[in-house]
Amino acid sequence: MDERIEQACRDAGRRRDEITLVAVTKVFPAAVIVEAYEAGLRDFGENYVQEFEGKQAEVRGLEGARFHLIGHLQSNKSRRAAELFDVIQTVDTLKLARRLNETGLRLEVMLEVKLSEEESKHGAEPEAVAELADAVRAQPNLTLAGLMTMPPWYDDPERTRPYFRRLREIAERVTRPGEPMALSMGMSHDFEAAIQEGATHIRVGTALFGKRKKA
Ligand SMILES: *Cc1c(COP(=O)(O)O)cnc(C)c1O
């Protein structure tokens with residue numbers, strides 16, 4: 001995995017330390033997180049609040065580990081999510097941002113942007129991102145950390161590349177001067193293209209841990 005990321009960085013003319021590998025551990029037991037931590041990983045992505053709730057006792061003591069929620073969050077679960085996660089990557093409505101802020105817990109958030117036409121995909125419409133970004137900046141407990149997207153699934157990374165490029169263009173449009181803006185995009189099969197298009201966070205499950213059993 002490290003070799004693949006390093007090669008992608010060399011090809012893209014970027015430094016390895018610009019990229020955070022978020023290890024996606026959904027479906028796998030807490031022991032897999034602990035093992036990955038011992039192997040040096042520090043950022044972990046989980047899709048479901050409830051699933052991670054069941055693992056948290058075993059991973060809570062991992063010093064310096066950061067847990068990212070990368071699955072859709074319903075606003076009625078925002079308190080639990082704020083207690084469990086360090087970063088919520090899937091904020092897509094003003095209501096959810098407000099709910100998270102109201103928990104009083106400090107959180108980093110990314111805005112999930114919907115770039116695909118698929119009904120099942122969540123995320124804010126591209127036209128709504130600027131306003132949502134401003135709304136998050138106005139919440140005292142939230143730090144706007146970046147944008148995230150989940151393109152439609154294609155085997156061929158050249159077909160997801162245009163989505164990565166669009167997310168970067170949206171970030172360029174909504175970022176204020178000097179404001180850091182992460183780009184969470186790219187998964188096991190297409191993170192090289194994402195790194196070339198400016199990803200700062202790649203979310204990788206299968207390439208690290210093998211195929212998941214269907215939930
Ligand atoms: C499962 C998942 C990933 C990881 O996908 P892999 O193909 O296993 O690398 C990344 N992002 C999100 C939002 C996911 O749900």
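Start at 1 and go down the list; that is how both ligands and their atoms are numbered. Excluded from the calculations below are hydrogen atoms, water molecules and symmetry mates; all remaining heavy atoms, backbone and side chain alike, are included.
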Atoms in ligand 1 with a heavy atom of [X] nearer than 4.0 Å:
X: Asn47; value: 14 (C), 15 (O)
X: Arg203; value: 4 (C), 9 (O), 10 (C), 11 (N), 12 (C), 13 (C)
X: Val204; value: 9 (O)
X: Gly205; value: 4 (C), 6 (P), 8 (O), 9 (O)
X: Ile70; value: 11 (N), 12 (C), 13 (C), 14 (C)
X: Thr206; value: 6 (P), 7 (O), 8 (O), 9 (O)

Tell me the protein heavy atom at minimum distance from [atom], and give that distance in Å.
atom: atom 13 (C) of ligand 1; result: Met150 SD, 3.4 Å
atom: atom 5 (O) of ligand 1; result: Met187 CE, 3.7 Å
atom: atom 9 (O) of ligand 1; result: Ser188 OG, 2.5 Å

Which of Thr175, Thr200, Val129 passes side chain to side chain contact (heavy atoms under 4.5 Å, CB included) with Leu147? Answer is Val129

Val87 vs Arg66, side chain to side chain contact (heavy atoms under 4.5 Å, CB included): CA-CA, chis, key distance, verdict = CA-CA 8 Å; Val87 186; Arg66 283 162 55 83; 3.3 Å; yes

Hey, does Gln89 sit under 4.0 Å from ligand 1 if you only count heavy atoms?
->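 Not so, Gln89 does not reach ligand 1.
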
Under the side chain to side chain donor-acceptor pair (under 3.5 Å) rule, collect the residues that match up with His68, sequence neighbours excluded.
-> Asp43, Gln89

Under the side chain to side chain donor-acceptor pair (under 3.5 Å) test, residues paired with Arg161 that sit two or more places apart = Glu158, Gln196, Glu197

Please lay out, stage by stage, how Val91 and Met110 fare under the test side chain to side chain contact (heavy atoms under 4.5 Å, CB included).
-> CA-CA 6 Å; Val91 172; Met110 297 190 195; over 6 Å; no

Flag the pair Phe44 / Tyr37 as yes when their ring centroid distance falls below 6.0 Å, and as no otherwise.
-> no

Worked verdict on Phe67 versus Val59 for side chain to side chain contact (heavy atoms under 4.5 Å, CB included) | CA-CA 10 Å; Phe67 296 97; Val59 300; 3.7 Å; yes

Is the closest N or O pair between Lys26 and ligand 1 shorter than 3.5 Å?
->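 Yes; the residue has a nitrogen or oxygen that sits under 3.5 Å from a nitrogen or oxygen of the ligand.
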
Lys/Arg cation over aromatic Phe28: Arg212, 6.0 Å, 45° cone | no

